[in-house]
Amino acid sequence: MIGIIDCNNFYASCERNFDPSLKGLPVVVFSNNDGAVIARSEEAKALGITMAVPIFHIKELMKKNDIIGYSSNYTLYGDMSKRIKSIIRDFFKDVEDYSIDESFVSCKGFKYRNLFNYVKDARDKISHWSGIPVSIGIGETKTLAKLANRIAKKQYREVGVYIIDSEEKRIAALKATDVTDVWGIGSRIGKRLNSVGVFNAYDLSMVDEDWAKRQFSVVLQRTVYELQGVSCIPLELVQPDKQNIASQKSFGIYQTEFEPISEALANYTARVAEKLRKQKFVAGGISVWLGTNNFSKTDAQYFPEISTVCDVPTDYTPYLIKRAVEGLKVIYRKGYRYKRVGVMLTDLRNNSDGTQNLFHANARNKEIEIIKKVDRLNRLNGRDTVRSAQQGFAREWKMKQEHLSPKYTTRLSDIINIR
DNA sequence: TCTGGGGTCCTAGGACCC
DNA sequence: TCTGGGGTCCTAGGACCC
């Protein structure tokens, strides 16, 4: 049996956890730039706030109902996530961290008739100790566990645990679930399935597996098997190495000039390069893209992209910034109102077996020394204490975050400031 | 006026090889 | 009038996830 542990309304729960006065009140969390809703407390859902709705559509609704809105605070959520995952490991030996607020766990080796009691106890303690309510779903496959989790949330909210451990329960669960609510079925595939008479998870579990592969793909075929109780998607206990590291952000205000855009790009590149070094990787390539606002009906649209190969796979920030800005120069055109710029490091590999370059070895050693010292200074004194000149200081492109909560768990000075 | 960010996997088709 | 067959690798784009 496989379980999935999922935090309820994770970001909203994090915000509320640190401000007891918000208990029982409707709370929402905004996307970057305070643009759209990405998390809602139960009370906010009940008031009709939908997922991903633009904030300017619900300004009135929020005011009328005293809904509290927060800019997203990923430092806080990331730290809470770490704590919860560490508690999960007190109860489960084999864990796959699947997303910031979800972990798959193996329930193999648990005595069957004690499973519910054990999991229920774990669920209560994880919720209580972290302050974030969680739900646990269990089934024979990951897809069935996800289904069980939905049922735990919807029908057994107080209990917070649901186990699909019999054929009757499996069939009932499948029949009660829309096909588009099945893990792995999005809106496109969902529509196509509807058009051939597949409406709920049960219908999908009954289709011919080979037909599913022929008409759709091996991905759908696996889902069909998983719904039948045949496991096709194994637990991944070791986190696979990242293949790409990307950063893109919308600007707080439109940018038209090259300079501020390249400044933003240099900053995003510094971030992805930091992540790269943290994982002890080097990048063989780098891609850069630019974009106008695709929601605008009047603006001229432009979404150029450029990919380049590094001379030598590297993790050296100044080189990566130079490369990225060169790319930007190629794709930038005057006369557009730009909404975002992004950068992706590609062709990642372990830096111990990275390609060597006969003519570069000495320079590389020097770079390693420099960047180690820069990382250390920044770790001790705060991000970007030492930075590339191209990162600049003006930051007129920076995103909007007008309702940011303090970094309660990671930054003492923030807490002092609100007092 | 105002609509997020960071990922993965799969497939089809082109380029290329012998 | 008539011009092969079998294979690999790479990339762009689509679909999905949270």
Side-chain angles (χ1 to χ4, degrees), chain A residues 4-11 28-39 50-60 62 69-74 77-78 81 96-104 142-143 146 149-150 179-193 212-223 232-233 236 239-254 268 271-272 275-276 279 284-285 287 289 291-299 303 305-307 309 337 339-348 399-402:
Chain A
I4 178 124
I5 305 176
D6 187 328
C7 301
N8 302 349
N9 316 326
F10 182 51
Y11 298 166
V28 298
V29 176
F30 304 147
S31 63
N32 279 351
N33 263 318
D34 296 342
V37 168
I38 54 169
T50 52
M51 198 61 176
V53 63
I55 304 307
F56 66 89
H57 279 178
I58 55 165
K59 274 261 160 71
E60 284 306 302
M62 288 188 63
Y70 282 99
S71 305
S72 35
N73 183 343
Y74 290 105
Y77 313 148
S81 172
E96 172 188 340
D97 292 325
Y98 174 65
S99 75
I100 192 166
D101 71 331
E102 284 171 278
S103 297
F104 283 106
K142 281 184 169 177
T143 308
K146 291 281 272 187
N149 194 283
R150 280 191 85 246
V179 74
T180 44
D181 290 326
V182 172
W183 186 50
I185 309 294
S187 63
R188 305 286 174 97
I189 304 287
K191 265 197 196 110
R192 279 179 63 195
L193 285 169
K213 181 171 182 182
R214 255 193 340 270
Q215 294 296 314
F216 292 83
S217 72
V218 67
V219 181
L220 188 77
Q221 187 186 36
R222 282 201 284 256
T223 300
C232 298
I233 310 173
E236 289 188 40
Q239 209 94 97
D241 292 336
K242 285 244 187 307
Q243 298 173 33
N244 302 297
I245 298 176
S247 177
Q248 65 165 338
K249 282 175 187 61
S250 299
F251 304 129
I253 48 175
Y254 288 109
Y268 304 165
R271 294 291 84 77
V272 291
K275 278 195 193 172
L276 183 74
Q279 301 180 32
S287 300
W289 60 92
T292 48
N293 180 6
N294 53 340
F295 285 103
S296 168
K297 296 202 167 64
T298 48
D299 279 12
F303 300 95
E305 192 259 343
I306 186 168
S307 311
V309 175
R337 304 199 320 145
K339 188 64 184 168
R340 66 165 54 82
V341 66
V343 58
M344 185 189 287
L345 302 180
T346 58
D347 190 19
L348 304 191
M399 65 185 175
K400 220 162 62 176
Q401 286 183 298
E402 290 173 351

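Letters A, B, ... are given to chains in the order of the sequence lines, protein chains preceding strands, and every chain is numbered from 1.
For the pair A:K339 and A:K213, nearest-nucleotide mapping onto DNA chain B gives the more 5' position to A:K339. Comparing A:M399 and A:D241 by the nucleotide of DNA chain B that holds the closest heavy atom to each, the one mapping nearer the 5' end is A:M399.
As judged by a 4.0 angstrom heavy-atom cut-off over every strand, A:V218 is placed among residues touching the sugar-phosphate backbone only. When heavy atoms are screened at a 4.0 angstrom cut-off, A:S72 is found touching no nucleic acid atom at all. Using a 4.0 Å heavy-atom criterion, one finds that A:R271 contacts no nucleic acid atom at all. Heavy atoms of A:N32 sit under 4.0 angstrom from primed sugar atoms or phosphate atoms, though from no base atom. At the heavy-atom level, A:K59 lies nowhere under 4.0 Å from the strands shown. Nucleic acid contact class of A:N293 (heavy atoms, under 4.0 Å, all strands): sugar-phosphate only. Within 4.0 Å (heavy atoms only), A:D101 reaches sugar-phosphate atoms of the nucleic acid but no base atom. Using a 4.0 Å heavy-atom distance criterion, A:Y268 is classed as making no nucleic acid contact. Across all strands shown, A:A246 has heavy atoms under 4.0 Å from sugar-phosphate atoms exclusively, and none from any base. Across all strands shown, A:Y98 has heavy atoms under 4.0 Å from sugar-phosphate atoms exclusively, and none from any base. Residue contacts shown for A:I185 are limited to sugar-phosphate atoms, with no base heavy atom under 4.0 Å away. Counting non-hydrogen atoms under 4.0 angstrom, A:V29 reaches nothing in the nucleic acid. Looking at heavy-atom distances under 4.0 Å, A:K249 makes contact with sugar-phosphate atoms alone, never a base.
Helical stems in DNA chain B, defined as runs of 3 or more consecutive Watson-Crick or G-U wobble pairs with both donor-acceptor distances under 3.5 Å, are listed by first residue as B:5-18 with C:5-18.
Between A:Q239 and A:D97, the shortest heavy-atom contact is NE2-O, 3.2 Å. Here the shortest heavy-atom pairing between A:F303 and A:T292 reads CE2-O, 3.4 Å. When all heavy atoms are compared, the tightest approach of A:M399 to A:N32 is SD-CG, 3.5 Å.
In this structure, the side chains of A:L348 and A:Q279 stay at 4.5 Å or more apart for every pair of heavy atoms. No side-chain heavy atom of A:N149 sits under 4.5 Å from any side-chain heavy atom of A:W183. Inter-residue side-chain proximity for A:I4 and A:E102 is flagged as met; some heavy-atom pair is nearer than 4.5 Å.
Neither side chain, A:N244 nor A:T346, offers a donor N or O lying under 3.5 Å from an acceptor on the other.
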### Query
So A:Y77 and A:D101, side chain to side chain contact (heavy atoms under 4.5 Å, CB included) or not? Walk me through it.
CA-CA 9 Å; A:Y77 313 148; A:D101 71 331; over 6 Å; no
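For DNA chain C, the span of nucleotides reached by chain A at under 4.0 Å from its heavy atoms goes, 5' to 3', from C:dA15 to C:dC18.
No cation-pi contact links A:K339 to A:F251, judged by a cut-off of 6.0 Å to the six-membered ring centre and 45° from its axis.
Using P as the reference atom, C:dC18 and B:dT3 are 25 Å apart when rounded to the nearest Å.
In summary, A:E236 and A:K142 do not engage in a salt bridge, as defined by a charged side-chain N under 4.0 Å from a carboxylate O.
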